[in-house]
Amino acid sequence: MASENMSSEIPTEETLNDNENEEVSDISSTVQKGEDEGTEVSKKKKKKNKSKKKKDPLKQTEPPSIPVIELFPSGEFPEGEIQQYKDANLWRTTSEEKRELERLENPMYNSVRQAAEVHRQVRKYIRSILKPGMLMTDLCETLENTVRKLISENGLQAGIAFPTGCSLNWVAAHWTPNTGDKTVLQYDDVMKLDFGTHIDGRIVDCAFTVAFNPMFDPLLEASREATNTGIKESGIDVRLCDVGAAIQEVMESYEVEINGKVFQVKSIRNLNGHSVGRYQIHAGKSVPIVKGGEQTKMEEGEFFAIETFASTGKGYVREDLECSHYMKNFDVGHIPLRLPRAKQLLATINKNFSTLAFCRRYLDRLGETKYLMALKNLCDSGIVQPYPPLCDVKGSYVSQFEHTVLLRPTCKEVISRGDDY
């Protein structure tokens, strides 16, 4: 019986083959299933990677070349530094009426924020390449060409707001090299780098000082802190004279030792900050940097360029050196011109700059030649105003810092504030 039971359980050759085929088919189907699942997973990963690539924001190149508008696809640009108004105006922070006014003005705010973002990116790049031995013309043209790229220059709709000021040492403001100038930046120079950007005539006016020699650090700190004090004191219904007094107090608390001699830092009493209008760099109000200025008050909605100048000289500037800066007068009416060349030059100025400041290099770039006589004629007739360099006493040093501030209905926005200053 045992042998019968045994013989009945022994598989035949056919049974073995069938079982083997079933196992092989099970294994192959499992392998196929695994391959299919793996293919699906890899497809999903590819899809995820593709979607990630689409979502990754663009990053600025080095040197900068991507227009800022492409870096912010939403079209919304970063807000500047927000500062609250002082006690008398604290109610504005929560006022629904004032918030609604801001919502209505948001497109305008966004334009000026775009100009500010361009300013921040350009100055960051320029700071990274600045070094003694640079030709000043090369420095200015590199800066200006970078602005043109990042702001997507478009006639009077977007571009440079005024010539790059790169005034050295005792020259406080309004100096940029004319074509052919061979001035070279030196290790012991104190350079004020003042440049502007604009979108739809909404101007960002912002400046900083560069000094390679650490001996000048206290001089730079004096103007930087004085500017920050001016910003802090600014506000709706604040008297301009009070801002000036606060600036002078901070400025003149500094002294600087230069080559073994100690200098009391002075505010330059005949230089000021100013209100800024649309296509109008100086819109009528002056922000003094010494006490005893105007009683006029700042008002809601105004833009101000708060700038201070610290000097080791007399603290008083005069016009000197060859002129490079010019600007068409904002309120000038029709003035008849006799010289055909002057008429032609005025047409170029109207088309390319309108009431924004320009310099001789900009006219050269547009292909204008032999224009000095025509330019003089426009100045003599009162259509164009020349702005020669402003200088303290020779041998002295001047530093400058500047920011554009917007007095919004609910708060104060330092439009041009960055990580650097």
Side-chain angles (χ1 to χ4, degrees), residues 63-64 118-119 121-150 159-197 205-213 215-216 219-220 223 271 307 309-313 317-327 353 356-366 368 371-372 375 386-402 420-421:
V118 171
H119 200 287
Q121 293 196 19
V122 171
R123 73 192 192 224
K124 180 183 177 183
Y125 170 60
I126 292 301
R127 278 175 175 272
S128 74
I129 64 168
L130 276 175
K131 58 184 179 182
M134 290 184 81
L135 194 65
M136 298 298 278
T137 301
D138 292 345
L139 165 61
C140 289
E141 290 184 352
T142 299
L143 187 153
E144 289 159 357
N145 287 333
T146 308
V147 170
R148 291 182 179 111
K149 282 180 194 171
L150 300 200
I160 297 168
F162 52 84
T164 304
C166 51
S167 308
L168 297 173
N169 305 325
W170 64 89
V171 184
H174 298 171
W175 187 85
T176 198
N178 286 323
T179 301
D181 190 293
K182 299 298 181 188
T183 305
V184 170
L185 185 61
Q186 305 293 334
Y187 175 75
D188 283 327
D189 281 339
V190 175
M191 177 177 67
K192 283 69 65 184
L193 206 51
D194 188 349
F195 70 100
T197 54
D205 185 1
C206 186
F208 61 97
T209 300
V210 175
F212 304 106
N213 191 332
M215 169 175 71
F216 296 109
L219 182 67
L220 272 61
S223 53
L271 286 179
E307 57 183 321
F309 295 85
S311 176
T312 64
V317 293
R318 70 203 183 286
E319 294 180 350
D320 196 10
L321 307 177
E322 184 179 58
C323 188
S324 55
H325 286 51
Y326 300 85
M327 186 167 67
F353 313 114
L356 296 173
F358 61 94
C359 63
R360 292 192 202 175
R361 283 187 295 104
Y362 294 1
L363 294 175
D364 299 334
R365 186 173 179 269
L366 292 169
E368 289 288 343
Y371 53 76
L372 287 178
L375 186 56
Y387 289 89
L390 299 170
C391 308
D392 205 325
V393 291
K394 193 171 182 179
S396 63
Y397 295 93
V398 177
S399 75
Q400 172 203 17
F401 279 86
E402 176 180 25
D420 46 358
Y421 65 92

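Note that the structure is predicted; figures quoted are calculated from it, not measured.
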Considering non-hydrogen atoms only, spot the tightest contact between [X] and [Y] and give its length.
X: Met134; Y: Lys131; result: CG-O, 3.2 Å
X: Thr176; Y: Cys140; result: OG1-SG, 3.7 Å
X: Thr164; Y: Tyr362; result: N-OH, 3.9 Å
X: Cys391; Y: Leu321; result: SG-CD1, 4.1 Å
X: Ala172; Y: Val398; result: CB-CG1, 3.9 Å

Q) Should the ring pair Phe216 and Tyr397 be called parallel, tilted or perpendicular, given that the plane angle runs from 0 to 90° and is split at 30 and 60? A) tilted
Quick one: pull up [atom1] in [X] and [atom2] in [Y] and give me the separation to the nearest 0.5 Å.
X: Cys206; Y: Asp194; atom1: SG; atom2: CG; result: 8.0 Å
X: Arg123; Y: Phe195; atom1: CZ; atom2: CZ; result: 7.0 Å
X: Phe309; Y: Leu271; atom1: CZ; atom2: CG; result: 5.0 Å
X: Asp189; Y: Phe212; atom1: CG; atom2: CZ; result: 8.0 Å
X: Leu366; Y: Phe358; atom1: CG; atom2: CZ; result: 10.0 Å
X: Arg365; Y: Glu144; atom1: CZ; atom2: CD; result: 8.5 Å

Quick one, [X] and [Y] - any side-chain contact, counting heavy atoms below 4.5 Å?
X: Tyr326; Y: Leu375; answer: yes
X: Pro177; Y: Thr183; answer: no
X: His174; Y: Glu319; answer: no
X: Leu220; Y: Phe208; answer: no

Strictly distance-based, threshold 3.5 Å: is any side-chain N or O of [X] a donor or acceptor partner for the main-chain N or O of [Y]?
X: Thr209; Y: Gln400; value: yes
X: Ser223; Y: Ala310; value: no
X: Arg318; Y: Asp392; value: yes
X: Asn178; Y: Cys323; value: yes
X: Ser167; Y: Trp175; value: yes

Q. Do Met191 and Leu139 pass the side chain to side chain contact (heavy atoms under 4.5 Å, CB included) test, and can you show the C-alpha distance, the side-chain angles, and the key distance before you say yes or no?
A. CA-CA 12 Å; Met191 177 177 67; Leu139 165 61; 3.7 Å; yes
Q: Considering only NZ, NE, NH1 and NH2 on the basic side and carboxylate oxygens on the acidic side, decide whether Arg360 and Glu322 come within less than 4.0 Å.
A: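 Yes, charged N to carboxylate O under 4.0 Å.
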Q: Run through Leu150, Val147, Thr197 and flag the one making a side-chain contact (heavy atoms from CB on, under 4.5 Å) with His119.
A: Thr197
Q: Assess whether side chain to side chain contact (heavy atoms under 4.5 Å, CB included) is satisfied between Lys192 and Cys166, documenting all intermediate values.
A: CA-CA 5 Å; Lys192 283 69 65 184; Cys166 51; over 6 Å; no
